[in-house]
Novice: 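Before I ask anything, here is the structure I am working with.
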Amino acid sequence: MWEFRSFSFWRAVFAEFFATMFYVFFGLGVSLKWAAGPSNVLLIALAFGLILATMVQAVGHVSGAHINPAVTFAFLIGSQMSLFRAIFYIAAQLLGAVAGAAVLYGVTPPAVRGNMALNTLHPGVSLGQATTVEIFLTLQFVLCIFATYDERRNGRLGSVSLAIGFSLTLGHLFGLYYTGAGMNPARSFAPAVLTRNFTNHWVYWVGPIIGGALGGLVYDFILFPRMRGLSERLSILKGARPAEPEGQQEATGEPIELKTQSL
């Protein structure tokens, strides 16, 4: 497979690892409780939104800055990336998340670590309610990502990274009260690994994956359909190398590759 032999592919995979590590480090770090009393919901929501916006700006042109298995899955089912790339992206995101949480664990005093900002359901919220909330939170987030970066839009206004960051902030402002606002299986996975607590952990996979898939499908097939045939979609999923204009070469002499869907 041509992607496996491509340096830009491995650079993109590393970017996903690197960006997710920073996302989890800063997001969970702000969520830790250093003093008694309730958590500051606005501070946590803004922190997650700002670190995501920062990482989108930093590595969006390298890998697409998915930083989230649900986002990667949405691009996969929308036939905007290969299955091979999606698998490596998700693996990199999970490893990066655990690495970021591990570094945070190491630099935080034991008395402050607590449960490492583990996502938990609010008392009284059922599993069905929690899953539905996670679906809606991630649906609006992925819908914003697809719409904001869509290269078919003419005269895109504003900052792509800030728009995506604000969408994540919105999700946290609402979701923190219900589920802790997972919206990202990698973010939920990391503290669960470190604390060895996987109670109701499936909610933070099923909800975001369904929500992300719905967001991608609604945008790409209903709101602003992409006119691609079945054969073209299957070709993308299989990772077929895109055709390049004759004579278009990189400095290394290799054909320039199709850019990864970025945010």
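All of these numbers come straight from a predicted model, not from anything done at the bench. Because only heavy atoms are used, hydrogens play no part in the values below, and waters and symmetry mates are left out as well, while side chains stay in.
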Novice: About how many Å separate CG of Asn200 and CG of Asn119, when rounded to the nearest 0.5 Å?
Specialist: 11.0 Å
Novice: Going only through I, L, V, M, F, W and Y residues with side-chain contacts under 4.5 Å, is there a path from Leu168 to Leu137?
Specialist: yes
Novice: When the ring planes of Trp205 and His201 are compared, do they come out parallel, tilted or perpendicular, using 30° and 60° as the limits?
Specialist: perpendicular
Novice: Could you tell me whether a side-chain N or O of Glu134 sits under 3.5 Å from a main-chain N or O of Val206, the two making a donor and an acceptor?
Specialist: no
Novice: Tell me whether Gln57 at atom CD has more than 12 heavy atoms from other residues, nucleotides or ligands lying less than 6.0 Å away.
Specialist: no
Novice: Can you tell me if OH on Tyr177 sees more than 12 non-hydrogen neighbours from other groups inside 6.0 Å?
Specialist: no
Novice: To check you understand the geometry: which heavy-atom pair defines the closest contact between Arg228 and Gly78, and what is its length?
Specialist: NH1-O, 3.9 Å
Novice: Decide yes or no for Leu32 and Trp34: does some side-chain heavy atom of the first lie under 4.5 Å from some side-chain heavy atom of the second?
Specialist: yes
Novice: Could you state the interatomic distance from CG (Leu121) to OG1 (Thr199), rounded to the nearest 0.5 Å?
Specialist: 10.5 Å
Novice: Write down the atom of Ser31, the atom of Phe48, and the distance for their closest heavy-atom approach.
Specialist: OG-CE1, 3.5 Å
Novice: Hydrophobic clustering (ILVMFWY, side-chain heavy atoms < 4.5 Å, transitive) - are Val203 and Met183 grouped together?
Specialist: no
Novice: Could you tell me which non-hydrogen atom of Pro208 sits nearest to which non-hydrogen atom of Pro185, and how far apart they are?
Specialist: CB-CD, 4.0 Å
Novice: Determine whether Leu76 and Ile87 fall in the same hydrophobic cluster, where Ile, Leu, Val, Met, Phe, Trp and Tyr are linked whenever their side-chain heavy atoms lie under 4.5 Å apart.
Specialist: yes
Novice: Determine, for Phe224 and Arg152, whether the Lys NZ or Arg CZ falls below 6.0 Å from the six-membered ring centre while staying within 45 degrees of the axis.
Specialist: yes
Novice: Take Val62 and Arg11 through the test side-chain contact (heavy atoms from CB on, under 4.5 Å) and record every step on the way to the result.
Specialist: CA-CA 7 Å; Val62 179; Arg11 187 169 57 220; 3.9 Å; yes
Novice: Measure across Gly212 and Thr138 and return the closest heavy-atom pair with its distance rounded to 0.1 Å.
Specialist: N-CG2, 3.8 Å
Novice: Does the distance from a Lys or Arg side-chain N to an Asp or Glu carboxylate O, for Arg226 and Asp150, drop under 4.0 Å?
Specialist: yes
Novice: Counting only N and O atoms by type, is there a donor-acceptor contact under 3.5 Å from the side chain of Ser167 to the main-chain atoms of Ala163?
Specialist: no
Novice: With side chains defined as the heavy atoms from C-beta onward, is the minimum distance between Leu104 and Met116 less than 4.5 Å?
Specialist: yes
Novice: Begin with the C-alpha distance, continue with both residues' side-chain angles, and end with the deciding distance and a verdict on side-chain contact (heavy atoms from CB on, under 4.5 Å) for Phe26 and Thr54.
Specialist: CA-CA 11 Å; Phe26 282 97; Thr54 301; over 6 Å; no
Novice: Between Thr169 and Ala45, is there a donor-acceptor pair closer than 3.5 Å when you use the side chain of the first and the backbone of the second?
Specialist: yes
Novice: Counting C-beta onward and ignoring hydrogens, is there a side-chain heavy-atom pair between Asn40 and Val30 closer than 4.5 Å?
Specialist: no
Novice: Flag yes if Trp202 and Val125 sit in one hydrophobic cluster, no otherwise; membership is Ile, Leu, Val, Met, Phe, Trp, Tyr, and two members link when side-chain heavy atoms are under 4.5 Å apart.
Specialist: no
Novice: Taking the side chain as every heavy atom from C-beta outward, state whether Lys238 and Ser82 have any atom pair closer than 4.5 Å.
Specialist: no
Novice: Taking side chain as C-beta onward, heavy atoms only, is Ile51 less than 4.5 Å from Phe25?
Specialist: no
Novice: Kindly compute the distance separating OG (Ser188) from CG (Leu28), expressed to the nearest 0.5 Å.
Specialist: 9.0 Å
Novice: With heavy-atom distances below 4.5 Å as the criterion, would you say the side chains of Leu217 and Ile222 are in contact?
Specialist: no
Novice: If you define the side chain from C-beta out and look only at heavy atoms, does anything of Asn197 sit under 4.5 Å from Asn115?
Specialist: no
Novice: Is the Tyr89 to His66 ring centre distance short of 6.0 Å?
Specialist: yes
Novice: Walk me through whether Asp220 and Gln80 qualify under side chain to side chain donor-acceptor pair (under 3.5 Å).
Specialist: CA-CA 10 Å; Asp220 261 1; Gln80 296 193 48; 2.7 Å; yes
Novice: Is there a path from Ile209 to Phe136 through hydrophobic residues (I, L, V, M, F, W, Y) whose side chains come within less than 4.5 Å of each other?
Specialist: no
Novice: Assert yes or no for the condition that the ring centre distance of Phe189 to Tyr204 is strictly below 6.0 Å.
Specialist: no
Novice: What is the distance from atom CG of Leu118 to atom CZ of Arg187, rounded to the nearest 0.5 Å?
Specialist: 7.5 Å
Novice: Answer yes or no: is there a side-chain heavy-atom contact under 4.5 Å between Ile164 and Val160?
Specialist: yes
Novice: Given Val71 and Phe141, is the side-chain contact (heavy atoms from CB on, under 4.5 Å) satisfied, shown in steps?
Specialist: CA-CA 9 Å; Val71 173; Phe141 177 56; 3.9 Å; yes
Novice: So which atom in Leu237 and which in Met81 form the shortest heavy-atom distance, rounded to 0.1 Å?
Specialist: CD2-O, 3.7 Å
Novice: Give, for atom CZ of Phe88 and atom CG of Leu83, the distance between the pair rounded to the nearest 0.5 Å.
Specialist: 10.5 Å
Novice: For Gln93 and Thr20, run side chain to side chain donor-acceptor pair (under 3.5 Å): C-alpha distance rounded to whole Å, both residues' side-chain angles, the deciding distance at 0.1 Å, then the answer.
Specialist: CA-CA 6 Å; Gln93 291 156 3; Thr20 311; 5.4 Å; no
Novice: Nearest 0.5 Å, please: how far is NE2 in His172 from CD1 in Ile44?
Specialist: 8.5 Å
Novice: Minimum heavy-atom separation for Val142 to Ala74, with atom names?
Specialist: CG1-CB, 3.8 Å
Novice: Go through the side-chain N and O atoms of Ser63 and Glu16 and say whether any donor and acceptor fall under 3.5 Å apart.
Specialist: yes
Novice: Show your reasoning for whether side-chain contact (heavy atoms from CB on, under 4.5 Å) applies to Arg113 and Tyr105.
Specialist: CA-CA 7 Å; Arg113 292 171 185 161; Tyr105 185 91; 3.3 Å; yes
